Chemist: 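Got a structure for you, questions after.
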2 protein chains.
Amino acid sequence: MEAITIKDIAKALNLSTSTVSRALRGSYEINPETKKLVLEYAKKMNYHPNPIALSLKENRSRAIGVIVPEIANNFFSQAINGIEAVAYDRGYHVVIFQSHESYERERSNIQHLVGRKVDGVLISLSGQTTEVNHLSEIQKRGVPLVVFDRISNEIEANKVIADNFQGAFEAAEHLILSGRKRIAHITSPSLLYTTNERLEGYKAALEKHGIPFNENLVRYCGFAPEEAREVIFELLDTQKPDAIFTASDRLALDCFAAVKAKGIDIPEQVAFIGFTNLQVAHLLDPPLSTVVQPAFEIGKTAAEMLLDTIDNKRNTATIKTIKIPTEVNLRTSSD
Amino acid sequence: MEAITIKDIAKALNLSTSTVSRALRGSYEINPETKKLVLEYAKKMNYHPNPIALSLKENRSRAIGVIVPEIANNFFSQAINGIEAVAYDRGYHVVIFQSHESYERERSNIQHLVGRKVDGVLISLSGQTTEVNHLSEIQKRGVPLVVFDRISNEIEANKVIADNFQGAFEAAEHLILSGRKRIAHITSPSLLYTTNERLEGYKAALEKHGIPFNENLVRYCGFAPEEAREVIFELLDTQKPDAIFTASDRLALDCFAAVKAKGIDIPEQVAFIGFTNLQVAHLLDPPLSTVVQPAFEIGKTAAEMLLDTIDNKRNTATIKTIKIPTEVNLRTSSD
DNA sequence: ATCGTTGTCGGGAACGTTACCAAAAAGGCT
DNA sequence: AGCCTTTTTGGTAACGTTCCCGACAACGAT
């Protein structure tokens, strides 16, 4: 069973395709009776306009593309839910892609999206992405772009991020106030923007409380599965921290597991606080203190910005970075 | 900056579009020198064929669609990773959609996918889906379909599922062997196929060990956020179970939280085992026993089946259901 | 010299849709 | 009666690509 087209309708009703087309979109310049005839027949035959033909003609698709490193990451899947909520409301479809932290995949995804004529792109950069030519290129092609969470200073676009500095500051300060002195910070590769923001927050808290910054207590950790475990073991052995502040979902879990595997008591020997969106943080042993990012709201805000520029409701000349507050959830792991 | 087309190349090189087209796809009947000329110019100008035009012409897109209830569910995001792994290898893009457990959204997603001429669809049914006309319709249109995990008996298609019966059987049996008598089963809405499979496994284990099946110990629970909590509270109060076996990620977490909130000791008072793909099961308090489904492998297998039928490497006349073994991971919550 | 063959290319239609330009009929105006 | 609007419809090009068909030259064979 093939899909019915405007031509089929035209033939069946002895009309021209242009008449049918206009009737279907309710043009004023068409006889009400003809219009009714066409609409009824279309309904009966379950006619749906071919979106591909429309895209080819109009150079748009009524869909926006989203690229995230990993949907298995709770933060990103929640952000996507925020994006979908507003996009769906405003009549846009959302096409989801994963870069799997690979720069190559990210490029390929971008290629595919612009080829498919998405009306805009929302992206959170992969951990390997060090240059952003692929992004400025689609901007040159006129594709609206909003970067969220994993942003880069090198790209001029609207951006939405959590207040990483503030979150990290509060987390570190809390550890300090509970009497910890050797506060380690385990974080993502240093080329990520969020990494630096969080590091700065951490440093600021130390400085405020007169604790000298000790480079040896900071570890950058890539995305390889076994890497985190090794990094944390080495850190524990050589630096003997009395607190750990981690910078992401993934790292929090890996570190948490590693510390427990070593038989170190949390929070007695080492206090722990993570920057994460885990929904199970309160069910862990012990319950994990977290800095939570408003993932859904970040997605929602980013999508709104994007759709506003697409629909020309936003001044495209001025770009803007929206920062959304984080929230600190203290539980027993950092007591 | 607009994308360059075959016409542009033709004009620039004083050739016809047909010649350029053939040169680009390396047709034998084209002068090697002309071919070289065209290819070099195309490369220089960064030419990429317009996939939309191709789709319109060829009625296909080199993309497959995936519809899952919720990507925030670990099982599904892992399954998607399995799907992407094989699709990427075989030159197909993967378009991800969420039904959010809504039948309407599922229909709308299907519509969008066939409109966009995906070459095949992988779907895991929403919790609200009771009839599958939207699926048989796309089959009639010739779109290959594979259903995975959340399958339905009413649709005739290739299917991939975990061995739910076996997993449930082993879980229940383990609880029985550890001396539990009143084993509750909290599960998803009864119209889901997996629900029944797991229920049957649970029943079979009871029967094997001479424990009469008690309907009051079984609870079906929808997808509303607060529902699980109420259901489990009511169950605990009225039935006093000494063990709970839950049928999904979501339910396991909600129940786990509810039981702990009530101050009931796990596993002392109530043993607990979940059917889940949580990556943090071993970090919970106490570590959670689970029946894990090979999500990645399920996705991989389903995608392979789909791509095989798309590429005509598979006999489309015979349909098949592949069942993949589950694995039971015993931890302290069920001691 | 004529013919068929081979190699190389261009023209046009088609995929489904919309937009522009005509065209025909009907009606109103002077 | 002649002309100009208005209403309603049809024809065609265009979006980017491929594919079928035909054209034309060069070439060897008869």
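These numbers come from a predicted model, not from an experiment. Labels below follow one simple rule: chain letters A, B, ... track the order of the sequence lines, proteins then strands, and each chain is numbered from 1.
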Chemist: How many Å lie between CG on Leu24(A) and P on dG16(C), as a whole number?
Modeler: 15 Å
Chemist: Nearest whole Å is fine: how far is dG11(D) P from Lys11(A) NZ?
Modeler: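 Rounded to whole Å, this separation is 13 Å.
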Chemist: So Asn14(B), base contact, sugar-phosphate only, or nothing? Heavy-atom distance under 4.0 Å.
Modeler: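 Asn14(B): backbone/sugar contact only, no base atoms under 4.0 Å.
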Chemist: If you check every side-chain atom of Ser16(A), which of dG10(C), dG11(D), dT17(C) has the closest atom?
Modeler: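 Between dG10(C), dG11(D), dT17(C), the one nearest the side chain of Ser16(A) would be dG11(D).
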Chemist: If only side-chain N and O atoms of Lys7(A) are considered, is one of them under 4.0 Å from the OP1 or OP2 phosphate oxygen of dC15(C)?
Modeler: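 Answer yes for this pair, as a side-chain N or O of Lys7(A) is under 4.0 Å from OP1 or OP2.
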Chemist: Under 4.0 Å, heavy atoms only, any strand: does Ile52(B) hit a base, just the sugar-phosphate, or nothing?
Modeler: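 Result for Ile52(B) = nothing.
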Chemist: Is it true that Arg314(A) and Glu304(A) have a side-chain N and a carboxylate O under 4.0 angstrom from each other?
Modeler: no
Chemist: Please tell me whether Asn133(A) and Glu131(A) have a donor and an acceptor in their side chains that are separated by less than 3.5 angstrom.
Modeler: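 There is such a pair between these side chains.
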Chemist: Rounded to whole angstrom units, what separation is found between the CG atom of Leu56(B) and the P atom of dG16(D)?
Modeler: 12 Å
Chemist: Could you tell me how far apart Arg62(B) (CZ) and dT18(D) (P) are, to the nearest whole angstrom?
Modeler: 13 Å
Chemist: Can you check the Arg116(B) CZ to dT17(C) C1' distance for me, whole Å?
Modeler: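 So the CZ-C1' distance, Arg116(B) to dT17(C), works out to 13 Å.
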Chemist: Would you mind listing every ring pair (Phe, Tyr, Trp, His ring centres under 6.0 Å) that reaches into residues 11-60 of chain B, with sequence neighbours excluded?
Modeler: none
Chemist: Report yes or no: do Ser61(B) and Arg116(A) form a side-chain donor-acceptor pair below 3.5 Å?
Modeler: no
Chemist: Once the angle between the rings of Tyr103(A) and His134(A) is folded into 0 to 90°, is it parallel (under 30°), tilted (30 to 60°) or perpendicular (over 60°)?
Modeler: perpendicular
Chemist: Check this one for me: any side-chain N or O of Tyr28(A) less than 4.0 Å away from OP1 or OP2 of dT6(D)?
Modeler: no
Chemist: Looking at dT17(D), dG10(C), dT18(C), which one has an atom nearest to any side-chain atom of Ala53(B)?
Modeler: dT17(D)
Chemist: Under 4.0 Å between any heavy atoms, over every strand shown, what does Thr34(B) touch: base, sugar-phosphate, or nothing? Just pick one.
Modeler: sugar-phosphate
Chemist: So does Arg107(B) pair up with Glu137(B), basic N to acidic O under 4.0 Å?
Modeler: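 Answer for the salt bridge query: no.
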Chemist: Calculate the interatomic distance between Tyr47(A) atom OH and dT18(C) atom C1'; express it in whole Å.
Modeler: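 So the two atoms are 10 Å apart, to the nearest Å.
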Chemist: Taking CG from Leu13(A) and C1' from dG10(D), how many angstroms apart are they, rounded to a whole number?
Modeler: 15 Å
Chemist: Once you round it to whole Å, what is the distance between C1' of dA26(D) and CG of Asn31(B)?
Modeler: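 Spelled out: CG on Asn31(B) to C1' on dA26(D) is 13 Å.
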Chemist: Can you tell me which nucleotide in dT18(D), dG16(C), dT9(D) comes closest to the side chain of Thr5(A)?
Modeler: dG16(C)
Chemist: Using heavy-atom distances to pick each residue's nearest nucleotide on DNA chain C, tell me which of Asn59(B) and Thr19(B) is more 5'.
Modeler: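 The residue closer to the strand's 5' end, by nearest nucleotide, is Thr19(B).
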Chemist: Could you run down the sub-3.5 Å N/O contacts of the protein with nucleotides 19-22 of chain C?
Modeler:
none

Chemist: Should the pair His112(A) and His93(B) be assigned to parallel (<30°), tilted (30 to 60°) or perpendicular (>60°) ring geometry?
Modeler: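 Because their plane-to-plane angle is under 30°, the rings of His112(A) and His93(B) count as parallel.
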